[in-house]
Amino acid sequence: MANHISLRICLFNLFLVGTALLPISQSSPSHYSFQPKAKAKPLTTQSDFKVRGANLGGWLLIEGWIHPTIFDGIPNEDFLDGTTLQFKSVTTKKYLCANSGGGDFVVASCADNCGWEKFRLWRINENTFQIRVPKDQFLGIDGTQVVAVVVNPTDDENFEIIRGSKDPNRVRIKASNGFYLQAKSENEVMADGPKDSDWGDNDPTVFELTIVSQIQGDFQLQNGWGPKAAQVMQNHYDTFIVEDDLKFLSENGINAVRIPVGWWTIYDPNPPFPFVSGTLQALDNAFAWAKKYGLKVILDLHSAPGSQNGVAHSSTRDGSLEWGKTNETIQHTLEVIDFYAARYGKHESLYGFELLNEPLYPYVPLKTVEEYYRLAYNVVRRYNPTVYVIFSVRLSFTRDDVPPFLELSSLANKLENTVLDIHWYSLYYETFTNLTAKEHIEYIKVERNKQMTELLANNGQALLYIGEWSCGWDVQKATKEEVQEFAKAQIEVYDRASFGWSFWTLKNVQNNWSIKWLIENGYINLLNL
């Protein structure tokens with residue numbers, strides 16, 4: 001497989017000779033070997049088909065909230081990659097922080113929420129970590145002075161975090177020189193503390209620990225399990241989604257599956273750290289099952305190199321968003337697209353190819369997204385001239401109105417057989433705070449319906465896809481009838497989308513997010529809609 005990948009990448013690089021990307025901030029469409037056709041033409045052979053799909057979330061790409069028990073048993077599970085911590089000195093009564101957020105020495109003088117007192121973990125093993133500061137440097141020592149200046153950490157930047165036996169929220173931090181960090185004063189933090197401690201309030205080597213936030217994605221899971229990751233993940237790939245699940249979907253009114261995949265799958269069976277093998281064979285199985293049961297497949301690049309949104313489902317290590325900041329991440333992603341398009345581009349079940357899921361607004365500029373989509377579209381077209389190519393709009397936690405949804409329509413309408421993917425949830429925005437069940441349902445019937453009408457009127461020839469939605473809401477103790485009405489209202493509105501919709505997700509421990517549970521328990525009946 002590795003040799004096949006190398007050959008494909010070599011050929012792919014030849015394809016890009018003379019059209020290498022400039023730095024994103026300087027590049028423009030004229031630098032690419034891309035010539036759009038004058039007018040987009042929808043596929044007449046598939047124009048009568050509309051997707052009623054289910055996302056296979058939490059399978060080949062992990063989101064802990066979907067299947068949380070897979071994390072159970074990881075040693076020191078509280079301290080996975082990307083866990084954000086605060087350390088409050090018991091003697092200064094202030095927080096450890098990197099002076100100015102990084103690039104300088106470390107002090108113990110920050111008040112809560114000063115902005116510099118949060119640290120992110122890179123897990124080396126269950127007890128040893130590299131500790132990242134807000135401006136992305138890592139804690140280290142200069143002599144015995146604790147500093148945060150190194151960007152590319154080595155073993156010298158390794159620290160042990162030792163929790164108290166009587167109070168696990170009290171910790172001591174051991175540096176690579178064998179000594180413990182101690183806050184000698186608010187402005188002096190040194191790595192020269194003694195081994196012994198009574199863990200009392202007068203010990204400057206003791207800090208009160210606060211876990212601020214955690215991430216539960218593939219990086220955290222696979223690095224957390226360490227040597228056991230291969231066994232754990234193979235069992236997950238073999239059992240979480242099985243052939244009978246796709247059979248069930250085909251018998252209950254679902255005609256397509258959207259399959260989220262990660263960038264590292266192309267290197268299977270030897271993916272890079274910390275990932276293990278198994279996803280490529282599972283994906284091959286999914287295509288075979290889809291063919292057997294007459295389901296269309298939408299292949300969705302959910303995780304790009306460097307992470308396009310800094311959240312768990314893009315497999316970020318520590319919440320950082322690096323995708324699109326360098327040409328290397330773009331080129332790497334194009335190589336990923338090339339592999340998937342070469343392997344599955346002519347498969348009879350492939351219906352849509354989604355180039356990237358939810359790049360984050362405003363951190364990924366629109367220009368970067370457009371330029372990447374142009375190139376990636378061209379890569380797909382080398383293998384399949386007619387498959388639908390899907391552009392995910394940028395994810396925003398502040399904008400939920402129509403104009404942002406249309407920001408890619410100009411690009412999409414210059415290309416053939418393109419689709420805009422919009423994700424509509426009844427959560428995450430102030431609009432949905434404290435709504436009753438009746439108000440949620442009314443919002444779908446009125447406001448979402450209006451938005452759908454406006455989108456369809458202004459989207460041009462590009463098709464519209466509600467690629468993710470669910471019955472998740474913040475209504476407490478909703479009745480079965482209310483959930484049924486909520487689901488029905490959404491289906492009736494999202495059925496209007498010219499490409500169709502896909503529910504998030506097939507399976508979930510939270511029932512309102514599991515279309516399988518909702519169908520099995522009589523909340524959704526697509527055969528009667």
Side-chain angles (χ1 to χ4, degrees), residues 49-72 218 221 230-262 265 268-269 276-300 302 313 340 343-344 347-352 354 467-472 480 483-484 487 491 500-529:
F49 179 86
K50 274 194 180 183
V51 169
R52 276 184 162 185
N55 283 277
L56 305 189
W59 183 32
L60 306 184
L61 199 142
I62 296 297
E63 295 185 54
W65 68 283
I66 294 175
H67 183 37
T69 58
I70 196 171
F71 285 83
D72 291 350
D218 271 283
L221 180 66
Q231 177 184 350
V232 170
M233 298 311 299
Q234 191 60 58
N235 180 67
H236 171 73
Y237 301 142
D238 288 344
T239 61
F240 188 66
I241 302 290
V242 297
E243 180 178 344
D244 280 350
D245 291 319
L246 273 70
K247 182 175 184 288
F248 170 86
L249 292 174
S250 70
E251 293 171 345
N252 286 278
I254 295 293
N255 58 25
V257 287
R258 179 174 179 255
I259 308 178
V261 294
T265 293
D268 215 327
V276 299
S277 65
T279 52
L280 188 60
Q281 182 58 59
L283 184 57
D284 285 346
N285 292 342
F287 269 89
W289 300 336
K291 178 181 177 181
K292 181 175 181 179
Y293 297 108
L295 298 172
K296 302 293 187 183
V297 174
I298 295 164
L299 191 59
D300 159 40
H302 220 73
H313 60 65
Y340 281 127
R343 190 176 186 90
Y344 301 110
H347 196 286
E348 63 185 83
S349 297
L350 183 68
Y351 190 68
E354 188 150 4
E468 294 182 19
W469 65 276
S470 78
C471 290
K480 182 174 183 177
V483 178
Q484 287 173 323
I491 291 168
W501 53 259
S502 290
F503 187 95
W504 187 273
T505 184
L506 171 58
K507 294 180 178 179
N508 198 311
V509 295
Q510 300 184 38
N511 294 336
N512 281 23
W513 295 78
S514 169
I515 197 168
K516 185 174 185 181
W517 186 91
L518 291 165
I519 290 172
E520 287 178 330
N521 290 275
Y523 289 77
I524 289 177
N525 186 343
L526 292 170
L527 301 178
N528 291 335
L529 283 173

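As the structure is a prediction and not an experimental result, all values here were calculated from the model.
Judged as a ring pair (Phe, Tyr, Trp, His ring centres under 6.0 Å), and not counting sequence neighbours, the contacts of His313 are His302. Under the side-chain hydrogen bond (donor to acceptor under 3.5 Å, both in side chains) criterion, Trp501 pairs with Asp495, sequence neighbours left out. A search for ring pair (Phe, Tyr, Trp, His ring centres under 6.0 Å) contacts involving Trp289 returns nothing, not counting sequence neighbours. Applying the side-chain hydrogen bond (donor to acceptor under 3.5 Å, both in side chains) test to Gln484 and every residue at least two apart in sequence or in another chain returns nothing. With sequence neighbours excluded, the residues forming a side-chain hydrogen bond (donor to acceptor under 3.5 Å, both in side chains) with Tyr344 are Asp284, listed by chain and number.
Nearest approach of Ser277 to Pro269, heavy atoms of both residues: CB-O, 3.4 Å. Listed here is the closest heavy atom pair of Leu246 and Ala290: CD2-N, 3.8 Å. For the pair Gly58 and Ile66, the tightest heavy-atom approach, listed with the atom from each and the gap, is N-CD1, 3.8 Å.
There is no side-chain donor-acceptor pair under 3.5 Å between Asn235 and Gln231.
Between Ser470 and Phe503, the closest side-chain pair of non-hydrogen atoms falls below 4.5 Å. Between Lys507 and Ile241, some side-chain heavy-atom pair lies under the 4.5 Å cut-off. For the pair Leu249/Leu506, a side-chain contact is recorded, criterion being any heavy-atom separation below 4.5 Å from C-beta on. For the pair Lys516/Asp245, a side-chain contact is recorded, criterion being any heavy-atom separation below 4.5 Å from C-beta on. Contact check for Trp504 versus Trp469: no side-chain heavy atoms found under the 4.5 Å cut-off. Side-chain contact between Asn508 and Trp65 is present, with heavy atoms from C-beta onward closer than 4.5 Å. At least one side-chain heavy atom of Val51 sits less than 4.5 Å from a side-chain heavy atom of Asn255. Taking 4.5 Å as the limit, every side-chain heavy atom of Asn252 sits out of range of all side-chain heavy atoms of Ile515.
For Tyr237 and Trp59, the gap between ring centers reaches or exceeds 6.0 Å.
The CG atom of Asp244 lies 9.0 Å from the CD atom of Glu251; values are rounded to the nearest 0.5 Å. For the atom pair CD1 (Ile70) and CG (Leu221), the distance works out to 5.0 Å, reported to the nearest 0.5 Å. Annotation: the span from Asn511 atom CG to Glu520 atom CD amounts to 10.5 Å, rounded to 0.5 Å. With values rounded to the nearest 0.5 angstrom, Thr505 atom OG1 is found 6.5 Å from Leu56 atom CG. Taking NZ from Lys296 and OG from Ser349, the interatomic distance works out to 7.0 Å, rounded to the nearest 0.5 Å. Rounded to the nearest 0.5 angstrom, Ile519 CD1 and Ile254 CD1 are separated by 5.5 Å.
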Before giving the answer on side-chain contact (heavy atoms from CB on, under 4.5 Å), spell out for Leu61 and Thr265 the whole-Å C-alpha distance, their side-chain angles and the decisive distance to 0.1 Å.
CA-CA 10 Å; Leu61 199 142; Thr265 293; over 6 Å; no
Walk me through it: do Arg258 and Asn55 pass the test side-chain hydrogen bond (donor to acceptor under 3.5 Å, both in side chains)?
CA-CA 5 Å; Arg258 179 174 179 255; Asn55 283 277; 2.8 Å; yes
I would like to know whether Val261 and Thr279 meet side-chain contact (heavy atoms from CB on, under 4.5 Å); could you show each step before the answer?
CA-CA 8 Å; Val261 294; Thr279 52; over 6 Å; no
Step by step, would you call Glu243 with Lys247 a salt bridge (charged side-chain N to carboxylate O under 4.0 Å, His left out)?
CA-CA 6 Å; Glu243 180 178 344; Lys247 182 175 184 288; over 6 Å; no
Tell me which donor-acceptor pairs under 3.5 Å the side chains of residues 521-529 have, and how far apart each pair is, sequence neighbours excluded?
unit_1: Asn521; atom_1: ND2; unit_2: Trp517; atom_2: O; d: 2.8
unit_1: Asn525; atom_1: OD1; unit_2: Leu527; atom_2: N; d: 3.1
unit_1: Asn525; atom_1: OD1; unit_2: Asn528; atom_2: N; d: 3.4

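A distance-only check finds a donor-acceptor pair linking the side chain of Asp218 to the backbone of Ile62 [under 3.5 Å].
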